[in-house]
There are 2 protein chains.
Amino acid sequence: MGPVESDDPLYGTELTFLLGLAFQLLLGEFNDRVAEAGYPDLRPVHGLAFQALGPAGATSSELAARLGVTKQAAGQIVDDLERRGYVRREAHPAGGRRKLVVLTEAAQAHLAVAGRLLHGLEAELATRLGAGGEAETGAAELGRLRTDLVRVIRALAGTELPPLRPVW
Amino acid sequence: MGPVESDDPLYGTELTFLLGLAFQLLLGEFNDRVAEAGYPDLRPVHGLAFQALGPAGATSSELAARLGVTKQAAGQIVDDLERRGYVRREAHPAGGRRKLVVLTEAAQAHLAVAGRLLHGLEAELATRLGAGGEAETGAAELGRLRTDLVRVIRALAGTELPPLRPVW
DNA sequence: CGGTTGAGTAAAGCACCTTGACTTGCCTCT
DNA sequence: AGAGGCAAGTCAAGGTGCTTTACTCAACCG
């Protein structure tokens, strides 16, 4: 039988530290799998950009606001993704200097793959958690964790959520 | 009565995203308070360095290993902290080229303040969570969250924990 | 029409880290 | 003792990903 978590030295460490470590480990594992799945040079911010653009596309200034970066930084990200065939700049229906940045099929394929990988990873995690021999299933534990995290986020941020940014 | 979290649109988002957002919000709040408490230019990595050095001090190569960076980067951090009076380089008892990096009283005072701020923040969070009107107290919820996080971390990393690094 | 607004871009700077190359003190092996 | 190796520390250069500053260009509005 493994260590009981209340005996684990980790249990006494700061909540912030635990959150950071869990996030880092999960994101790192996800990123490794994304790389293995044929996207070695797509960083998490690229996936976030794909999500922020969405099926309808957006201008790069809108993208900047959604990612929480300057419009210059967003422009560089779009340049990079365009060069690699993940987005196109099209004429914007509203005219002006505006350009509509839209996802190519390559980006949509990546989104689908990334979604599968995320869910697969979470399912694996549930299995590993459930294998401890406790009465509770891993899936139930992850559901509870998710609920608690949502409550913490709402307590800290209210209804308006900030963009997820690289942490320090 | 506030929104029930299973109705919250956040509930459907990825676990990784929730972890990242919770971490970012909590760390950001902590960092703001550290700045207000008189340490406007101490970043989280500096606090981690203080913890990694500990009461006995360490060489900068040891510090590098504990922070998960190159020894050059650790050397720069030590240079910076030394210039600002938070650490001193002393002769190492084991001799050689080694130098023992030790905390000054300023750093120890900072560690004490940071510890108070972290615990205060967590206590506030517990109060806010408990104010929802549910049967469960905020402190109980945070204890459960902590337990779940420890289990997730152990499932992903095993017994050897990697250093906490900036995330992407 | 002149002025303002806002999207996009270009250039430079900066924070923070890496890789590469080197010096220096000690230890080991013959 | 002397040669070689090893590990700590340090210089120097490079690179990434962002910001700040400054500009151009298109539409709108009085």
Side-chain angles (χ1 to χ4, degrees), chain A residues 24 27-28 31 35 40-49 52-53 56-84 86-102 162-168, chain B residues 24 27-28 31 35 40-49 52-53 56-84 86-102 162-168:
Chain A
Q24 167 178 316
L27 182 64
N31 215 23
D41 44 8
L42 280 185
R43 292 175 302 125
V45 70
H46 298 130
L48 286 180
L53 289 172
T59 68
S60 57
S61 289
E62 287 167 339
L63 179 62
R66 292 176 196 172
L67 294 181
V69 298
T70 60
K71 56 184 182 175
Q72 291 89 334
Q76 288 181 16
I77 292 172
V78 171
D79 284 346
D80 180 34
L81 291 175
E82 189 175 37
R83 208 176 310 114
R84 287 149 63 188
Y86 289 108
V87 302
R88 269 190 307 268
R89 286 189 231 237
E90 298 183 347
H92 196 286
R97 258 180 99 80
R98 257 166 278 197
K99 297 175 189 172
L100 190 61
V101 182
V102 296
L164 181 57
R165 295 286 321 272
V167 187
W168 100 81
Chain B
Q24 168 179 316
L27 183 63
N31 215 24
D41 44 8
L42 279 186
R43 293 176 299 126
V45 69
H46 298 129
L48 285 181
L53 289 172
T59 68
S60 56
S61 289
E62 285 167 341
L63 179 61
R66 293 176 194 172
L67 294 181
V69 298
T70 60
K71 57 184 182 175
Q72 292 90 330
Q76 288 181 16
I77 292 173
V78 171
D79 284 346
D80 181 34
L81 290 175
E82 188 174 37
R83 208 176 311 113
R84 287 149 63 188
Y86 288 109
V87 303
R88 269 192 306 269
R89 286 190 231 238
E90 298 183 347
H92 196 287
R97 259 181 96 81
R98 257 166 279 198
K99 297 174 189 173
L100 190 62
V101 181
V102 295
L164 181 56
R165 294 288 319 272
V167 187
W168 98 83

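So you know, we letter chains A, B, ... as the sequences are listed, proteins then strands, and number each from 1. Every heavy atom of this structure was used, including side-chain atoms; hydrogens, water molecules and symmetry mates were not.
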Can you give one letter per nucleotide of nucleotides 11-17 of chain C, going 5' to 3': B for a protein heavy atom under 4.0 Å from the base, S for sugar-phosphate only, - for none? -----SB
Could you say whether A/G68 or A/G96 is positioned toward the 5' end of DNA chain D, judged by the nucleotide with the nearest heavy atom to each? A/G68
Measuring to OP1 and OP2 of [N], would you say a side-chain N or O of [X] lies under 4.0 angstrom away?
X	N	result
B/S60	D/dG9	yes
A/K99	C/dT9	yes
A/R89	C/dT9	yes

Interatomic distance where [atom1] belongs to [X] and [atom2] belongs to [N] [whole Å]:
X	N	atom1	atom2	answer
A/L100	C/dG8	CG	C1'	14 Å
A/L63	C/dT9	CG	P	12 Å
A/R98	D/dA27	CZ	C1'	9 Å
A/K71	D/dC18	NZ	C1'	16 Å

Would you say that [X] contacts [Y] through its side chain, given a criterion of any heavy-atom pair below 4.5 Å between the two side chains?
X	Y	value
A/D80	A/H46	yes
B/R84	B/D41	yes
A/L42	A/Y86	yes

Donor-acceptor contact present, side-chain B/Q24 to main-chain A/P163, <3.5 Å: yes
For B/A52, is there any backbone N or O sitting under 3.5 Å from a side-chain donor or acceptor partner on B/R66? yes
Check A/V78 against A/V87 and note the closest heavy-atom contact, atom names and distance. O-CG2, 3.9 Å
Any donor-acceptor pair under 3.5 Å between the side chain of B/R97 and the base of D/dA8? yes
Over all strands shown, is B/G75 touching base, sugar-phosphate only, or nothing at heavy-atom distances under 4.0 angstrom? nothing
